[in-house]
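Note that the structure is predicted; figures quoted are calculated from it, not measured.
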Amino acid sequence: MKELSVLIVEDEPLAREMIGELLERAEGVRCVGSCANALEAQRKLAESPPDILLLDVEMPGLSGVDLLQGLGDAAPAVVFVTAHEEHALRAFELSAVDYVLKPFPDERFLEAVERARRRVLERRVSEIAVQLSDAAPEPPAPEPNRYLKRLAIQKTGRKLLVPVEEVRWIESDDYCVRVHAENGSHVLRASLNELEKQLDPEDFLRVHRGAIVRLEAVETIRRREHGTRVLKLRTGEQVNVARSRSKAVEERLVPRIGPKLASR
């Protein structure tokens with residue numbers, strides 16, 4: 001299998017060197033360059049985007065979080081490698097794969113790189129599946145009574161049936177999905193694309209490449225700066241909305257929750 005390309009963005013020369021040496025021990029990846037700041041990385045990304053980005057946070061000129069925010073849905077798989085823990089929440093809101101705090105053991109760094117490598121491979125499998133689906137004849141839409149009524153969750157030695165009306169939201173989890181329901185969080189062996197086709201679109205909505213929500217579980221839509229949205233569920237959980245899906249999400253949800261609740 002072809003190795004995945006990795007770009008290092010780090011303003012400290014010694015740290016760049018150390019990260020480069022650690023990458024030589026990681027399987028299935030190769031370093032294709034390093035940048036001393038985010039502005040330099042912007043140019044590099046425009047010329048030849050890597051599969052994985054190892055990104056510091058605090059750098060002169062432009063922060064790593066700002067760089068990732070500007071990339072949007074076109075961002076590579078990003079692992080933050082930094083000494084600043086206060087930016088972790090914002091990084092994960094922007095769909096970073098991992099957040100590694102310095103100083104870190106070698107194993108922690110290699111684990112993060114492997115997680116990013118799997119995320120890239122998962123994306124590629126999903127993209128191929130979409131291409132094949134687009135090329136194939138469109139199957140007839142399921143009849144309303146043919147949509148899933150329960151999700152069969154395989155537990156150790158038994159099968160748990162979760163009614164779909166108890167599901168709050170579903171997110172991608174490597175090659176599976178994680179179902180967040182009233183009775184807890186469960187891993188289901190299925191792709192998000194496959195599951196979306198089996199759920200009633202009157203009740204469920206794809207809000208992000210990696211997330212589906214049940215409409216009845218949403219309490220408010222919060223508008224952020226830069227045009228992004230986040231859904232707050234009745235349980236207090238928050239689910240990010242992809243910028244490209246914001247309009248469609250608001251068109252479905254505002255009639256349900258009211259325009260006042262859709263303001264910031």
Inset, instruction - Give a yes or no on whether L7 and L54 share a hydrophobic cluster (residues Ile, Leu, Val, Met, Phe, Trp, Tyr; joining criterion: side-chain heavy atoms under 4.5 Å apart). - result: no
Legend entry - Electrostatic pair E250:R223 at N-O distance under 4.0 angstrom: yes
Legend entry - Within one Ile-Leu-Val-Met-Phe-Trp-Tyr cluster: L45 and L39, side-chain cutoff 4.5 Å: yes
Legend entry - side-chain contact (heavy atoms from CB on, under 4.5 Å) between Y99 and H87, worked out: CA-CA 9 Å; Y99 198 94; H87 300 285; 3.3 Å; yes
Legend entry - Heavy-atom pair of closest approach, residues K102 and A15: NZ-CB, 4.1 Å
Legend entry - R214 bridged to D203 by N-O distance under 4.0 Å: no
Inset, instruction - Compare every heavy atom of L22 with every heavy atom of F104, then report the nearest pair and how far apart it is. - result: CE1-CD1, 3.8 Å
Legend entry - salt_bridge(R108, D98) N-O dist < 4.0 Å: yes
Inset, instruction - Measure from the side-chain N and O atoms of D51 to the backbone N and O of S5, and report whether any donor-acceptor pair falls under 3.5 Å. - result: yes
Legend entry - Which atom of L62 lies closest to which atom of A38, heavy atoms considered: O-CB, 3.2 Å
Inset, instruction - Of all the heavy-atom pairs spanning F80 and V65, show the shortest one and how long it is. - result: CE2-N, 3.9 Å
Legend entry - SB check E47 K44 (cutoff 4.0 Å): no
Legend entry - Salt-bridge contact E219-K232 (side-chain N to carboxylate O under 4.0 Å): yes
Inset, instruction - Without swapping roles, check the side chain of E10 against the backbone of E12 for a donor-acceptor pair under 3.5 Å. - result: yes
Inset, instruction - Kindly work out whether a path of hydrophobic side-chain contacts (I/L/V/M/F/W/Y, heavy atoms less than 4.5 Å apart) joins M59 to L101. - result: yes
